[in-house]
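Both counts, for ligands and for their atoms, begin at 1 and track the order of listing. Numbering of residues begins at 1 and proceeds along the displayed sequence. All values derive from a computational prediction rather than experimental measurement.
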Amino acid sequence: MSNIDEKLQPILDQVLRRNAGEAEFHQAVTEVLESLGRVVAKHPNYLDRALIERICEPERQVIFRVPWIDDRGEVRMNRGFRVQFNSALGPYKGGLRFHPSVNIGIIKFLGFEQIFKNALTGLPIGGGKGGSDFDPKGCSDNEVMRFCQSYMTELYRHLGEYTDVPAGDIGVGGREIGYLFGQYKRLTNRYEAGVLTGKGLVYGGSRARTEATGYGATYFVQRMLETRGNGFEGRRVVVSGSGNVAIYTIEKVQELGGKVVACSDSSGYIVDEEGIDLDLVKEIKELGRERISKYAARQSRAHFVEKGSIWDVPCDVAMPSATQNELTGRDARALIANGVIAVGEGANMPSTPEAVRLFREAGVLFGPGKAANAGGVATSALEMQQNASRDSWTFEQTERRLADIMHGIHDTCAATAEEYGSPGDYCLGANVTGFVRVAEAMRALGVI
Ligand code: NDP
């Protein structure tokens with residue numbers, strides 16, 4: 001069971017009771033509270049004024065009906081969510097996820113993680129998350145547009161560049177952000193570019209935002225690897241997923257001299273021992289919105305595995321970049337047996353608690369999602385900066401800022417872990433650094 005300080009146990013018990021059945025949210029809160037024992041031992045005043053209880057309770061949760069009409073003229077209905085978790089450091093900031101698995105517990109876990117991740121970037125953004133159980137797979141472009149318009153018709157009243165600024169996540173990419181922004185603009189009669197991030201370049205987007213999460217995760221892992229002497233050069237790498245995060249992780253790993261030999265989607269994984277042909281993956285997944293099995297059909301040297309785990313493919317570096325709890329204890333054992341030296345989470349909470357424990361015990365470098373994948377939201381904050389100053393930066397300028405931010409997050413997490421007596425424990429470092437920044441702001445703002 002959990003390894004929680006006795007002063008924090010009642011807080012966790014209350015969270016579990018109050019949010020019954022929300023397994024992913026329980027997991028995320030437990031993981032953070034496990035790190036805070038040493039913080040409250042050193043700074044007992046963080047236990048005052050129910051500060052930690054308040055961090056675990058969203059400031060506001062919005063759940064709404066999203067009716068829309070499909071191409072056959074039938075009325076369809078989904079459920080929409082936005083959890084505005086914490087605005088001590090800035091407007092709520094966090095993506096929207098469109099996937100049939102979405103429920104309030106998933107959105108709360110993501111929003112909770114987002115608070116600390118956003119604090120880690122050092123930029124003025126609070127934490128939030130939203131989405132819907134809508135499944136864009138198999139929908140026509142017009143259906144996706146009508147859904148996005150209906151979704152925004154309710155959500156717009158809760159947003160604003162100083163209030164809440166959503167972005168993309170699973171199932172929400174450039175196309176969806178465009179439709180959402182169009183409807184927001186129409187409803188408010190305001191060209192408020194800073195209300196959404198991940199926008200297209202022609203209407204206020206930032207260069208390097210599309211690439212940012214994957215590039216950022218790769219920079220983070222590169223920095224971790226360098227603590228052991230060298231980076232990606234000559235390393236075998238496995239990246240799960242083949243969406244936004246996975247694709248740009250593969251791109252940057254390849255640029256830094258690593259060889260990515262496998263990637264996946266929800267239907268299975270492909271192995272290409274010569275190294276993934278990224279143009280082909282982009283053509284199949286980014287442009288065609290098709291199944292990854294098509295890669296093996298087009299590239300004879302590769303093969304597709306429908307059932308089984310991508311983590312059985314031997315590698316030096318594993319970068320889970322699909323979804324939560326996709327890398328289990330069993331998978332961690334397989335990776336460790338095959339000699340993995342580093343794991344960097346591109347996705348949010350992709351490793352189960354058992355997997356994280358096994359990596360720690362085996363001395364595997366482990367970069368948790370809230371630190372390793374913070375490059376996406378950091379670049380979203382840079383997009384907000386550009387929108388506010390009506391400016392637009394070059395790709396190189398933006399990527400340089402991203403790289404600096406990721407190196408800074410790495411170094412701060414490492415220093416905090418050392419300060420709290422667990423050198424190399426990036427989970428502890430990330431949780432404690434993020435928590436202290438938010439807690440200090442919350443203390444200053446009083447009981448609200
Ligand atoms: P995309 O929708 O672009 O891609 C998701 C990928 O993961 C697809 O390949 C998808 O397969 C696969 N996938 C999704 N759900 C499952 C599942 N239940 N089982 C197996 N595979 C699955 O999303 P992103 O790349 O944007 O997001 C991936 C992860 O990264 C998520 O955890 C997200 O929260 C996190 N993240 C994203 C950020 C961003 O900027 N986009 C920022 C920080 C974190 P298929 O094509 O078959 O659906």
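Protein heavy atom in closest approach to atom 19 (N) of ligand 1: Thr323 CG2, 3.9 Å. When hydrogens are left out, the protein atom nearest atom 34 (O) of ligand 1 is Asp169 OD1, 2.6 Å; that is the closest non-hydrogen contact. Summary of contacts: the protein heavy atom closest to atom 46 (O) of ligand 1 is Lys285 NZ, 2.9 Å. Among all non-hydrogen protein atoms, the one lying nearest atom 27 (O) of ligand 1 is Ile170 CG1, 3.6 Å. Closest to atom 48 (O) of ligand 1 among all protein heavy atoms lies Lys137 NZ, 2.8 Å.
Checked by distance only, ligand 1 and Ser267 stay at 3.5 Å or farther apart across all their nitrogen or oxygen atoms. An N or O contact shorter than 3.5 Å links Gly171 to ligand 1 by distance. Residue Thr213 has at least one nitrogen or oxygen atom sitting less than 3.5 Å from a nitrogen or oxygen atom of ligand 1, judged on distance alone. Between Asn373 and ligand 1, no pair of N/O atoms sits closer than 3.5 Å. Backbone and side-chain nitrogen or oxygen atoms of Gln324 are examined, and none is located within less than 3.5 angstrom of a nitrogen or oxygen of ligand 1. Geometrically, ligand 1 and Lys117 share no nitrogen or oxygen pair separated by less than 3.5 Å. Note: an N/O pair closer than 3.5 Å links Val245 and ligand 1 by distance alone.
Side-chain atoms of Thr328 and Glu354 include no donor-acceptor pair closer than 3.5 Å. In this structure, a donor-acceptor pair under 3.5 Å is present between the side chains of Tyr219 and Glu399. Between Thr433 and Thr416, the side chains place a donor N or O and an acceptor N or O closer than 3.5 Å (distance only, hydrogens not considered). Glu306 and Ser293 share no side-chain donor-acceptor pair at under 3.5 Å. Glu226 and Gln222 form a side-chain donor-acceptor contact under 3.5 Å, judged by distance and modelled atom types alone. In the model, Asp164 has a side-chain atom that pairs as donor or acceptor with a side-chain atom of Gln84 under 3.5 Å. A donor and an acceptor atom, one from each side chain of Thr394 and Arg207, are nowhere located under 3.5 Å apart. Looking only at atom types and distance, the side chain of Asp71 has no donor-acceptor partner in the side chain of Asn142 under 3.5 Å away.
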* Going through the checks in order, is the side chain to side chain contact (heavy atoms under 4.5 Å, CB included) test met by His407 and His410? -> CA-CA 5 Å; His407 293 155; His410 172 279; 5.6 Å; no
* Before giving the answer on side chain to side chain contact (heavy atoms under 4.5 Å, CB included), spell out for Val221 and Val317 the whole-Å C-alpha distance, their side-chain angles and the decisive distance to 0.1 Å. => CA-CA 9 Å; Val221 173; Val317 180; 3.9 Å; yes
* To do: Assess whether side chain to side chain contact (heavy atoms under 4.5 Å, CB included) is satisfied between Tyr215 and Thr379, documenting all intermediate values.
  => CA-CA 11 Å; Tyr215 279 22; Thr379 309; over 6 Å; no
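Atom numbering of ligand 1 starts at 1 in the shown order; those under 4.0 Å from a heavy atom of Ser321 are 28 (C), 29 (C). Which parts of ligand 1 touch His99 is read off a 4.0 Å heavy-atom cut-off, strictly below it: atoms 15 (N). Less than 4.0 angstrom separates some heavy atom of Arg97 from each of these atoms of ligand 1: 31 (C), 32 (O), 33 (C), 34 (O).
Scanning Asn244, Asn348, Asn325 for the heavy atom closest to atom 36 (N) of ligand 1 points to Asn348. The residue among Ala322, Gly376, Gly241 with a heavy atom at the shortest distance from atom 31 (C) of ligand 1 is Ala322. The residue among Ser266, Gly131, Gly214 with a heavy atom at the shortest distance from atom 20 (C) of ligand 1 is Ser266. Around atom 45 (P) of ligand 1, the closest heavy atom drawn from Arg291, Gln114, Lys370, Lys129 belongs to Arg291. Comparing Ala372, Ala246, Gly243 by heavy-atom distance to atom 1 (P) of ligand 1, the nearest is Gly243.
Using a 4.0 Å heavy-atom cutoff, Arg289 is absent from the residues neighbouring ligand 1. Under a 4.0 angstrom heavy-atom cut-off, Ser242 registers as being in contact with ligand 1. Not a single heavy atom of Met349 sits less than 4.0 Å from an atom of ligand 1.
The proximity of Glu326 to ligand 1, defined as any non-hydrogen pair under 4.0 Å, does not occur for either the backbone or the side chain. Neither the backbone nor the side chain of Ser240 comes within 4.0 Å of ligand 1, counting heavy atoms alone. Residue contacts with ligand 1 for Arg209 involve side-chain atoms from C-beta outward but no N, CA, C or O (heavy atoms, distance under 4.0 Å).
Sorted by first and then second residue, the ring pair (Phe, Tyr, Trp, His ring centres under 6.0 Å) pairs involving residues 366-401 (not counting sequence neighbours) are Phe359-Phe366.
The pair Asp169-Arg97 meets the salt-bridge criterion, with a side-chain N (NZ, NE, NH1 or NH2) lying under 4.0 Å from an Asp/Glu carboxylate O. Looking at Arg157 and Glu154, a side-chain N of the basic residue comes within less than 4.0 Å of a carboxylate O on the acidic one, giving a salt bridge.
Partners of Thr188 under the side chain to side chain donor-acceptor pair (under 3.5 Å) rule, at least two apart in sequence or in another chain, do not exist in this structure.
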